[in-house]
Amino acid sequence: MTKTLDRITTTAQLPPSTSVVIIGGGIVGVTAALALAERNIPVVLLEKGHIAGEQSSRNLGWIRKTSRLADDVPLAQAADRIWAALPQRIGADVGYRQAGIMFLARTAEQMAMYEGWYQSVAHLSLDSQLLTPQAISQHVPGGQGQWLGGVYTPSDGRAEPALAATAIARGAIRQGAVMVQNCAVRTLSMSAGKVSGVITEQGEIRCDQVLFAGGAWSRRFLGNLGVQLPTLPLICSVLRTRPMEGPTDIAVGAPDFSFRKHKDGGFIITQRGKLDAPLTLDHLLIGWKYMAQLKAGRDNLRIGLGKEFFRDLGIARHWHAGQISPFEKIRTNDPAPNTGLNQDALTNLRNAWPVFANAEIEEAWAGLIDVTPDSNPVIDHIKAIPGLTVATGFSGHGFGTGPAAGQLAADLVSGVTPIIDPSPYRFDRL
Ligand SMILES: Cc1cc2nc3c(=O)[nH]c(=O)nc-3n(C[C@H](O)[C@H](O)[C@H](O)COP(=O)(O)OP(=O)(O)OC[C@H]3O[C@@H](n4cnc5c(N)ncnc54)[C@H](O)[C@@H]3O)c2cc1C
């Protein structure tokens with residue numbers, strides 16, 4: 001967990017019934033709770049650990065349209081509007097700044113990728129622009145990296161993951177949502193072929209609908225219900241520096257590092273070119289669905305058979321409502337950061353922008369990411385289980401879109417016109 005995570009106290013009292021139960025207190029679950037509560041729909045959110053304890057507090061805080069698949073951009077545009085209106089809506093500043101995001105290319109292949117992306121979104125009227133090396137130096141002075149060019153979107157931005165989901169949760173509670181932490185949901189209860197409640201470690205709550213927003217646990221939870229959601233895990237390590245002078249307010253992503261300013265004046269840094277990809281049983285079961293991703297990302301993935309394989313093997317895949325579930329056994333996914341990768345990121349960054357020679361590490365952490373075969377999430381009803389909707393599989397870029405994804409999920413649950421066309425997020429495409 002990051003040292004700066006804002007923690008929230010919630011009720012310990014489980015209500016006997018409600019209209020909608022949301023499982024998972026990440027950015028997606030809490031924004032869905034806010035949207036439902038604002039519509040006066042009774043909603044209870046259950047979190048096995050604490051609000052934002054997993055991915056939603058551990059991410060880099062980038063809020064971007066850049067480099068998204070074209071059909072994922074409308075969700076990001078909707079999210080930009082929600083982020084901008086959030087301080088007024090919830091009465092808290094979560095560090096949202098439209099300070100811009102820039103990606104840099106060293107090789108012709110990398111540049112061709114950004115040019116291809118730029119063309120793929122030409123119809124969407126974004127403010128993105130391709131950059132020359134001179135333009136990069138103007139935007140981010142003091143560098144000595146050799147760049148072929150890049151892509152820059154001034155309206156992209158950032159917010160503080162250590163604040164955002166908790167602040168949204170507080171806003172939702174003020175609007176009438178009930179939230180209970182340390183309360184794992186084991187499974188659903190069904191009557192007459194549809195959802196009629198959830199079975200938690202503390203007992204049952206009856207409800208009409210369930211929204212599952214369980215992040216990296218989704219495959220496990222849904223698998224126990226006979227619903228096969230393909231996701232594989234990746235681990236991303238991150239460090240935060242002490243406050244220091246930096247070259248820019250823009251978030252910058254190079255092939256082998258990235259940095260963005262933190263609200264306290266330090267920088268959040270990662271090795272963008274290397275992610276740990278621990279092998280698990282799921283790689284054998286569904287790895288074939290990921291061939292295109294593996295081909296494209298083979299230089300960036302540190303695929304390894306290690307202790308994670310056996311840890312994962314020890315986590316149950318099937319249980320019944322009367323049994324202790326994996327969600328009670330592991331309250332918070334807290335992988336150890338890879339210090340080698342963090343050092344590598346810092347070295348690469350110092351070579352490119354020597355001002356980072358002064359960087360001192362304040363803290364480091366890691367987070368486990370749930371990746372779908374096409375890197376888009378699923379936000380959809382599960383037809384096989386009437387009354388169940390899921391919003392999950394955000395594949396390492398769901399913090400930025402989280403508020404719109406939560407809203408879209410709330411729209412689906414409450415049957416109103418969805419905030420955007422949900423078809424890119426259909427479950428049956430996977
Ligand atoms: C290191 C790192 C860097 C990233 N950088 C970025 C970035 O810069 N920009 C960006 O857009 N995205 C980024 N991401 C991705 C982003 O953090 C996620 O896509 C997003 O936070 C997902 O939100 P979520 O609500 O789906 O999941 P989570 O935040 O993981 O929340 C799911 C919650 O559900 C709970 N839960 C699961 N099962 C149960 C159960 N049965 N009962 C009760 N509770 C349950 C879990 O405890 C968890 O708290 C990054 C991720 C990581 C790890």
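Quick caveat: nothing in here was measured; it's all calculated off a predicted structure. We count ligands from 1, going down the list as the structure has it; atoms in each ligand are counted the same way.
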TODO: Could you name each residue pair satisfying ring-ring contact (aromatic ring centres under 6.0 Å, His included) that touches residues 386-405, not counting sequence neighbours?
DONE: Trp83-Phe399

TODO: Just jot down the side-chain hydrogen bond (donor to acceptor under 3.5 Å, both in side chains) partners of Arg272, sequence neighbours excluded, or say none.
DONE: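 Partners of Arg272 by the side-chain hydrogen bond (donor to acceptor under 3.5 Å, both in side chains) criterion come out as none, since no residue qualifies.
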
Open item on the list: Are Trp147 and Tyr152, when compared by the centres of their aromatic rings, separated by less than 6.0 Å?
Closed with: no

Task: Residue pairs, two or more places apart or on separate chains, that pass salt bridge (charged side-chain N to carboxylate O under 4.0 Å, His left out) and touch residues 8-31 - done: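 Residue pairs passing salt bridge (charged side-chain N to carboxylate O under 4.0 Å, His left out), neighbours aside: none found.
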
- [ ] With a 4.0 angstrom cut-off on heavy atoms, strictly below it, pick out the residues next to ligand 1 and order them by chain and number.
- [x] Ile23, Gly24, Gly25, Gly26, Ile27, Val28, Leu46, Glu47, Lys48, Glu54, Gln55, Ser56, Arg58, Asn59, Leu60, Gly61, Trp62, Cys183, Ala184, Val185, Ala213, Gly214, Gly215, Trp217, Phe221, Cys236, Val238, Phe327, Gly367, Ile369, Phe394, Gly396, His397, Gly398, Phe399, Gly400

Task: Any donor-acceptor N/O pair, Thr200 side chain to Gly203 backbone, under 3.5 Å - done: yes

Open item on the list: Can you give me the closest heavy-atom contact between Val28 and Ala391, atom names plus distance?
Closed with: CG1-CB, 3.7 Å

